[in-house]
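Source: prediction; values computed, not measured. Numbered from 1 within each chain, the chains take letters A, B, ... in sequence-line order.
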Amino acid sequence: MATTLRIASWNINSVRARIDIVERFLREEAPDILCLQETKVADPLFPEGPFRQLGYNHIVINGQPMHHGVAILSKVPLANRQAHDWQANGEARHVGVELRGGVRLENVYVPAGGDIPDRNENVKFGQKLDFLARMTEWSGSLSAPTILTGDFNVAPLETDVWSHKQLLNVVSHTPIEVEALGGLQAAGKWVDLAREFVPPQEKLYTWWSYRAQDWETSDRGRRLDHMWVTPDLKDKAVGHKTHKPCRGWGKPSDHVPIVTEFRI
DNA sequence: ATGGTCGAACATCGA
């Protein structure tokens, strides 16, 4: 019998610095599973206690000191942990698990890619494109029904950024990245769930820079965080929410959580 | 056109 499963994803920009708002989010929203990116903590120092106290006893982490790092915190069992190194440089940017019914949940933190959108001038941009290329290759070989979520660091649609024109040459919305993400999406026949629930004509953001004087008034956001599924799961998704108020909480992340409700 | 802010860890890098 199908039951409800609510899966959240949040780039937290240090899980230790933001443990208070993570707890608040889990108390208020109570998703079954939370995927975190940018945990910025080595595995032995990961703060499991607060999660366990809230009933998230199934914990799968892939961290490293200082930078990057991903984690899956869950109230329901997780099996068959896998971690891909899609950048082939040892950075902790992916962890995946199997859920009930053989559904795979893949949590990814795509490299931001530096400031200059040219792989000849900027190694990081090349690494970002290579990462997406390896994900594309992987996408073509999937057999299980799969949920792919996380910080993709690409805002593909014109309505995924505050100004398409002004961001054409800004890493995250350049045509070369949008094309790379499109190739990835096509290779896995991935369904962009947020856009199943919010029409592509409507502006939708998940990230607002720390550098704005007033993020809410200027509203210069981008939709960098995504929840994609293989076609067999498309109709299992019954709701999707972007938690914009979290951007206004004390000591916020620059990203807000997204939550999708499935009947699986 | 430019600079604006965070966290980790303690100068600077990555975002």
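With respect to Arg247(A) and Glu216(A), no salt bridge is recorded, no charged nitrogen being found less than 4.0 Å from a carboxylate O.
With the nearest nucleotide of DNA chain B identified for both Arg93(A) and Asn13(A), Asn13(A) has the one nearer the 5' end. Nearest-nucleotide mapping onto DNA chain B: of Ser209(A) and Tyr109(A), the residue sitting toward the 5' end is Ser209(A).
Listed by chain and residue number, Arg52(A) satisfy the salt bridge (Lys or Arg N to Asp or Glu O under 4.0 Å) test with Glu48(A) (two or more places apart in sequence, or in another chain). Evaluation of the salt bridge (Lys or Arg N to Asp or Glu O under 4.0 Å) rule for Glu91(A) yields Arg93(A) as partners, not counting sequence neighbours. Partners of Trp215(A) according to the ring pair (Phe, Tyr, Trp, His ring centres under 6.0 Å) rule, which considers only residues two or more places apart in sequence or in another chain, are Trp208(A).
Mapping heavy-atom proximity under 4.0 Å, the span of DNA chain B touched by chain A runs 5' to 3' from dG4(B) to dA15(B).
Taking atom P on both nucleotides, dC6(B) is separated from dT2(B) by 23 Å, rounded to a whole Å. Only the P atoms considered, dC10(B) is 15 Å distant from dG14(B), to the nearest whole Å. Rounded to whole Å, the C1' atom of dG3(B) lies 16 Å from the corresponding atom of dA15(B). Across the C1' atoms, dA9(B) and dC13(B) are found 11 Å apart, a figure rounded to whole Å.
Checking Asp192(A), Thr206(A), Thr159(A) one by one against Arg223(A), the side chain to side chain donor-acceptor pair (under 3.5 Å) holds for a single residue, Asp192(A).
Counting non-hydrogen atoms under 4.0 angstrom, Arg18(A) reaches the backbone sugars and phosphates but no base.
Pairs passing the ring pair (Phe, Tyr, Trp, His ring centres under 6.0 Å) check and including a residue from residues 29-49 of chain A, sequence neighbours excluded, read Phe46(A)-Phe51(A).
Against DNA chain B, the stretch residues 37-47 of chain A makes heavy-atom approaches under 4.0 Å through Glu38(A), Lys40(A).
A distance of 6.0 Å or more separates the ring centres of Phe25(A) and Trp249(A).
When only modelled atom types and interatomic distance are considered, Ser253(A) and Arg18(A) share no side-chain donor-acceptor pair under 3.5 Å.
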